[in-house]
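Chain A is the first sequence line, chain B the second, and so forth, proteins listed ahead of strands; every chain is numbered from 1.
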Amino acid sequence: MHGRVKVKSTAQQEEEKRKEREKKLKAFVSARDAVLRKRSAGEHDEEALQLTQQLLSSNPDFATLWNYRREVLLQLETSREKDEVQKLYESELHFIEACLKVNPKSYGCWHHRSWVNTRLPQPDWTRELGLCDRCLSLDERNFHCWDYRRVVVKESGVSVEQELQFTDRLIGSNFSNYSSWHYRSTLLPQLHPQPAPDSIHSHRVCEEQLLKEYELAHNAFFTDPNDQSAWFYYRWLLGRGVCVCSLCLSQAQSEGLMLVLDGQPQQVEWRSTHPRLRHSPVWLCDLPPGSVSDISNEHNLTVHWTEKYTHRDCALYTGCAESWCRDSATDQELFRSELSVEKSSVLQAELQSCNQLLELEPQNKWCLLTIILLMRALDPLGHEKETLAHFQTLKEVDPMRSSYYSDLCSKFLIENTILKMEYAEVRVFSLSNKNLTTLCHLDQLLLVTHINLSSNQLLRLPPQFAMLQCLEVLEADDNAIESLEGLYHLPKLEEVSLRNNRILFAIQSKCFIRNPFSAFRASAWFDLVSRSQYSSLINSYRLCRIMEGQQI
Amino acid sequence: MGTQVKDVVIKPEAPNTLLLDKHADYIAAYGSKKDDYEYTLSEYLRMSGIYWGLTVMDLMGQLSRMNREEIIEFIKSCQHDCGGISASTGHDPHLLYTLSAVQILSLYDSINVIDVDKVVDYVKGLQQEDGSFAGDKWGEIDTRFSFCAVATLALLGKLDVINMDKAVGFVLSCMNFDGGFGCRPGSESHAGQIYCCTGFLSITGQLHQVNADLLGWWLCERQLPSGGLNGRPEKLPDVCYSWWVLASLKIIGRIHWIDKAKLRSFILACQDEETGGFADRPGDMVSSLWNLSHTILHMHIYFACDFSRTCHSLYRAYHSLRYILASVIYFHPGGSFPHSVWCGWSVFAGR
């Protein structure tokens, strides 16, 4: 029922149509009733096949009929010789192919074909591959067919190489070829895997092949800069494979962490920084009382992460109140992967080419975004200014996705600030007046004591903000903050400045939902409510400036 | 050089306000036309059709116009010995319709009219060795069915009966290079499958496994110049994708990456001013319940403020629609809401 254009017609045409539909309906109903009657009577014969054939040809989504047909076929199998069974199912394949011509996107049809192949004494996979080729030549995006092809390839032992060449042909000849690029992304790691540190099945491609793929994608979007599939694929090529969340534990798995103090394993309870963060990169525990009270001695701590067979050591030196051990963001390749000389020069060349393309197509958002990603891969700090300028252009040429670009830009600015903080070896994080719309990588700010986020466009301090366990001073004036969820049990926080935000707005809207008539009462009513919310905030911190300038 | 972007053009005379009364009338009348051609031909999905219709009516505060007793009796007649539920009488049981039935009964607070334990057994029995779920005993595997399974069990409070680790493992194995999900491992990303998988991961508390920034980008790129959304690259916009794409974005916390105003005007333009209902794109034939329910739901999801990101809330929302309705009224620009909906709201206001 999708994709039928509505056309107005005369009264006579309406009447003719109505009669026609009534006739069709009657025929359908009588056939359907006959079939269901037969089935209730337990009849599994040729007539059942004929009746279901008639109905399924034009109603392939009537799943129960396929089920009945399978029951009949299974029944007929029991009274036939192998070669007859072969014929029976081969003719079934003919029937399915006829159905597919009418409706190439019926789940029921494709599944039935797969099922038939499991019943065939001798399936003909070459023929099946041919069917896939024909089907895809009519519609290269038919995912049912692609899924079926994957089954055929697996059963018939077609090589990954061959399939890769198949995608080469399709990509070379077609514009709408996202399905082919996708298939390629699954084939390459099988053929040219990047050796993974643990023996996990790698989804990444080894570097040598990767560099060839850049060229392939590059040629595609240079031929047609609006071929979005190639740009999507290219972004994957530029990315890093392993999910950064390798440090995430869940509440249930917190036993995976073991603390050893001065050689003695400790019984401790690990907890997340915020009740809403059940899967977190940051975990806290309290040392048993009295265990490090003697600051005249050095203490050695080790945390073992048993699941990953790794640990970190930390020494609390004599007279010190705090100590830490931290993997740097640069070492961990947190924000970009390490570049070999070869890869670096390839990406440099790619950047140059994309810049040339941009001169020809200054409004091409795919090109702009890719340039940004290339610059980040090569030198995030060095290209910061250009990156910001490109984001501005992106928002102008692709305004529908402004929010996305703002968030992505914020993310990159935060990454750069973390890197700068690391190089300077300071614990102050300052990003004010930078059009920040979102916060991320908050787990990297665990050691930060001072944070300045003033004059941005932040809407909330999310639960993840609670990971800033060392925070002493928070400045976030002149934003649009409504939610302070993240200001939760920050043990060292003393000074809070949240002037000119929208904290009242959130409280007010919650009140309105509960009782819509509150809007018509004196504002004194919700003043009372909001003040009580404020008082808990005000009482928590030595210095708290939040009353002024809250927007309604 | 360059491919043309596949899209539609919205005519200036297209509708630009929400024609709620027409939609309510359309649905209320839908079931009564039992001799209607399309109605009969869609019997194979009747249970889901009823669910979509009821949800929309409830959202519009007009659930009472539907025949509760008749529907409940109908559902009872659709439960088979194996515990599974079919789309209609005489049809075979399937996970899709088992979920729809459980959703309807949740909406009506009448879950115990069917044998709940048997439903749970039926769902559990469909889990495969690799953690995937078949749709029925005939063995079709699809991440849609993983979603149906956990959604059904979550509504019944019985998520613990399945092998959760394997179920999650299977869904994650369907994650693609672009952050999206397909039907089976190796399948291309598709908005409908993405909705099912993010919904699954939300219900099972595993959303942290999703690359929200990457997937969010792929999803927001579904929006075309007309404002409508397609289901995957280089396809035409379709109003039902408003639901799949938008709900997915909401689940992963990136709904603000879509241009709200443009999408809204696309959807309103899809309305049929004569018959009520929504076509899949402006100018096409009305695709009745499917589009209508998905559209109304999407619009409410979008404007909802009391929503948490989890699909759990989404599911509570399906049968606890006061939040949604309230949020819609609060956020509806200009406050020019049909009288009937406002009356409906006052009934709920007491909560």
Side-chain angles (χ1 to χ4, degrees), chain A residues 1-6 21-22 24-25 28-29 36 40 59 61-64 66-67 70 107 111 115 141 143 146-147 150 175-176 178-179 182-183 185-186 203 223-229 232-233 236 239 243 245 248 250 278-279 399-401 403-404 407-408 411 509-510 512-513 515-516, chain B residues 1-3 5 35 37-38 40-41 44-45 86 90-92 94 138-140 176-178 182-184 186-190 205 208-209 211 213-214 216-218 220-221 223 232-235 238 256-259 262 272 279-280 283-288 290 305-306 326-327 329-330 345 349:
Chain A
M1 279 195 266
H2 282 240
R4 278 171 36 215
V5 180
K6 176 167 177 164
R21 281 153 68 95
E22 211 178 291
K24 265 175 140 176
L25 183 63
F28 174 82
V29 169
L36 295 181
S40 304
N59 305 279
D61 291 328
F62 195 148
T64 300
W66 289 116
N67 297 348
R70 284 189 277 270
Y107 285 98
H111 175 245
W115 181 86
R141 301 301 300 284
F143 65 81
W146 279 106
D147 287 349
R150 277 178 266 275
F175 284 130
S176 179
Y178 196 93
S179 305
H182 162 79
Y183 194 30
S185 78
T186 66
H203 293 286
T223 311
D224 175 12
N226 290 313
D227 178 3
Q228 52 180 280
S229 312
F232 271 103
Y233 188 75
W236 174 65
C243 178
C245 279
C248 271
S250 75
R278 285 166 54 240
H279 297 269
M400 280 198 303
R401 274 160 281 268
S403 292
Y404 170 66
D407 280 5
L408 190 64
K411 181 174 176 181
S509 66
K510 281 202 171 78
F512 182 57
I513 295 283
N515 186 346
Chain B
M1 71 172 165
T3 20
V5 175
D35 54 349
Y37 185 66
E38 249 107 40
T40 309
L41 253 61
Y44 73 89
L45 56 64
S86 54
H91 291 242
D92 289 347
H94 196 283
W138 296 102
E140 185 189 359
N176 295 318
F177 78 100
D178 46 25
C183 309
R184 295 183 272 283
S187 300
E188 185 184 339
S189 300
H190 179 283
H208 61 285
Q209 312 257 25
N211 186 336
D213 286 344
L214 186 63
W217 177 57
W218 189 93
C220 78
E221 282 292 348
Q223 188 162 36
R232 44 185 181 138
E234 312 277 21
K235 290 270 171 176
D238 187 321
H256 58 292
W257 286 356
I258 288 276
D259 184 322
K262 291 209 84 173
D272 188 317
D280 48 3
D284 274 10
M285 290 292 293
V286 167
S287 220
S288 59
W290 172 264
C305 77
D306 239 12
S327 313
I329 291 172
Y330 184 74
W345 159 244

key: Any A:Phe28 side-chain heavy atom under 4.5 Å of A:Phe62 side chain   = yes
query = Is there side-chain contact between B:Asp178 and A:Trp236, with heavy atoms separated by less than 4.5 Å?
reply = no
note = Highest number of heavy-atom pairs under 4.5 Å with chain A among B:Lys235, B:Arg232, B:Arg184 belongs to B:Arg232
key: Cationic tip of A:Arg70 above B:Trp138 ring, under 6.0 Å, 45° of axis   = yes
Atom pair CZ (A:Arg141) and NE2 (A:His182), whose distance is rounded to the nearest 0.5 Å = 10.5 Å
key: Region of A:Arg21 in contact with chain B, defined by heavy-atom distances below 4.5 Å   = both
ask   = Run the side chain to side chain donor-acceptor pair (under 3.5 Å) check on B:Ser187 and A:Asp147 step by step: do they pass?
value = CA-CA 6 Å; B:Ser187 300; A:Asp147 287 349; 2.8 Å; yes
query = Which answer fits B:Asp213, side chain, backbone, both or neither, if we ask what part of it has an atom under 4.5 Å from a heavy atom of chain A?
reply = both
request  = Heavy-atom distances under 4.5 Å only: say whether A:Asn59 touches chain B with side chain, backbone, both or neither.
outcome  = side chain
request  = Go through the atoms of A:Phe232 and report whether side chain, backbone, both or neither lie under 4.5 Å from a heavy atom of chain B.
outcome  = both
message = With chain A as the partner, which of B:Glu188, B:Gln223, B:Glu140, B:His91 has the greatest number of non-hydrogen pairs under 4.5 Å?
response = B:Glu188
request  = Heavy-atom distances under 4.5 Å only: say whether B:His94 touches chain A with side chain, backbone, both or neither.
outcome  = neither
ask   = Do the two ring centres, one from A:Phe143 and one from A:Trp146, sit under 6.0 Å apart?
value = no
